Amino acid sequence: MLVNMRNLLTDAKSGNYAVGSFSVANMEMVLGILKAAEELNSPVILQIAEVRLRQSPLEIIGPLMVAAAENAGIPAAVHFDHGKTMKKISQALDIGFTSVMFDGSHLPLDENIAQTKEVVAMACEYGAAVEGEIGCVGGSEDGSENIAANCTNPDDALLFESETGADAIAVAIGNAHGNYKSAPKLRFDILEQCSKLVSVPLVLHGGTGISDEDFIKCSKTGVKKINIATATFDSVENTVRRCYNENAINGYYDLQAAEVEGAYRNAKRHILIFGSDNKA
């Protein structure tokens, strides 16, 4: 069933687990992720970032995501990730996304707050939730830039929460988008300070490559939404390649099944790590 992300994260906070927010690019990824969530009786979030719309137009994949969530056997939110423009954020809300993110992490704090407030006001008309970001997560969502990480200032996060009314805040604690060149060293001291100061759920971006132990520690230290993108894309690609190498693909529908399987395996693994199984 289609639900508001706000409700999923509220439940995760009271249950002391995190909800996986999985990026998708096509129907097969959506089907694989929902298959894993339904099998494990887990709430889940389907998301797509604005930078990915060149490959997956919002007017096409957006209604698909919403329809899939509506027909899912578990609670599923549909989230617009790393929104950069009011036009696309507005379009996602019109399509029926139940949460949107405005990524103002590259802006001065006062501008980030002002523009996030605009998005909160816009989303309120739809009853949708809003995620903001303080600090700068390293890398970039599509891998086209090597953006330096800038860890979140906990006092800024507190001000951001009080000024914007955002429902969730993404924090930068040494995490980065894409595949890590070396094992990330997360700043749990910053995360702990943010968790103590901020009352809304925290969000971890750049989940691919973070250890199981660090995921669990994050989920117990205020992080209630964990974004997984690159790991999904890699799992789908690797599963398809393996099936071709094993001569297991004999036509299009075998290819489609391999894509679904790749997304399913990746989502299932992360759901079990995040502790959201049997929480639907």
Side-chain angles (χ1 to χ4, degrees), residues 2-23 37 42-47 49 69 74-83 97-105 112-113 116-117 119-120 123-124 127-135 137 151-173 175 186-207 210 214-229 270-271 273-277 279-280:
L2 178 65
V3 298
N4 193 299
M5 183 183 77
R6 186 187 300 115
N7 299 338
L8 294 189
L9 301 190
T10 298
D11 290 344
K13 191 170 183 179
S14 62
N16 204 24
Y17 59 89
V19 179
S21 192
F22 298 94
S23 291
S42 170
V44 74
I45 302 168
L46 301 172
Q47 68 177 24
I74 41 81
V78 180
H79 177 69
F80 189 59
D81 195 37
H82 285 285
F97 281 50
T98 57
S99 65
V100 293
M101 176 193 182
F102 172 68
D103 183 357
S105 59
N112 188 0
I113 288 173
T116 302
K117 285 174 70 174
V119 174
V120 169
C124 185
V130 174
E131 176 185 333
E133 182 173 330
I134 287 290
V137 176
C151 287
T152 301
N153 181 320
D155 291 330
D156 288 348
L158 176 60
L159 178 63
F160 185 88
E161 177 190 28
S162 63
E163 291 288 324
T164 65
D167 299 283
I169 299 176
V171 292
I173 56 170
N175 45 316
L186 301 184
R187 291 288 305 273
F188 284 104
D189 56 330
I190 292 176
L191 180 59
E192 288 170 2
Q193 291 177 58
C194 288
S195 182
K196 289 177 181 178
L197 289 174
V198 175
S199 61
V200 299
L202 302 179
V203 180
L204 184 73
H205 287 235
I210 291 176
D214 281 356
F215 271 140
I216 293 169
K217 189 171 181 179
C218 285
S219 72
K220 305 300 182 186
T221 317
V223 171
K224 299 305 162 192
K225 173 177 179 277
I226 299 178
N227 287 18
I228 300 294
H270 284 95
I271 286 169
I273 295 168
F274 301 160
S276 64
D277 52 306
K279 302 298 194 303

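A quick note: this is a predicted structure, and the numbers were derived from the prediction, not measured.
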Which heavy atom of [X] sits nearest a heavy atom of [Y], and at what distance?
X    : Y    : result
S195 : G222 : OG-CA, 3.6 Å
S219 : A18  : CB-CB, 3.8 Å
S21  : I45  : OG-CG2, 3.1 Å
L9   : A168 : CD1-CB, 4.0 Å
G127 : N4   : O-ND2, 2.6 Å
C194 : P154 : SG-CA, 3.8 Å

So, using side-chain hydrogen bond (donor to acceptor under 3.5 Å, both in side chains) as the criterion, who are the partners of [X] when residues are at least two apart?
X    : value
D277 : none
D189 : R187
Q193 : none
H79  : S99, E131

## Note on the structure
So CZ of F80 and OG1 of T98: to nearest 0.5 Å the spacing works out to 13.5 Å
### Task
With sequence neighbours excluded, tell me which residues meet ring-ring contact (aromatic ring centres under 6.0 Å, His included) with F102.
none
## Note on the structure
Hits for ring-ring contact (aromatic ring centres under 6.0 Å, His included) against Y17, two or more places apart or cross-chain, chain-then-number order -> none
### Task
Sequence neighbours left out, what pairs pass salt bridge (Lys or Arg N to Asp or Glu O under 4.0 Å) with at least one residue falling in residues 151-171?
R6-D167
### Minimum side-chain heavy-atom gap V19-D11 below 4.5 Å
no
### With sequence neighbours excluded, residues passing side-chain contact (heavy atoms from CB on, under 4.5 Å) with K217
F188, T221
### Query
Who are the side-chain contact (heavy atoms from CB on, under 4.5 Å) partners of T164, not counting sequence neighbours?
I113, T116, K117, F160, A166
### Query
Q47 and side chain to side chain contact (heavy atoms under 4.5 Å, CB included): which partner among I228, V100, D81?
D81
### Query
How would you list, by chain and number, every residue that makes a salt bridge (charged side-chain N to carboxylate O under 4.0 Å, His left out) with K224, sequence neighbours excluded?
none
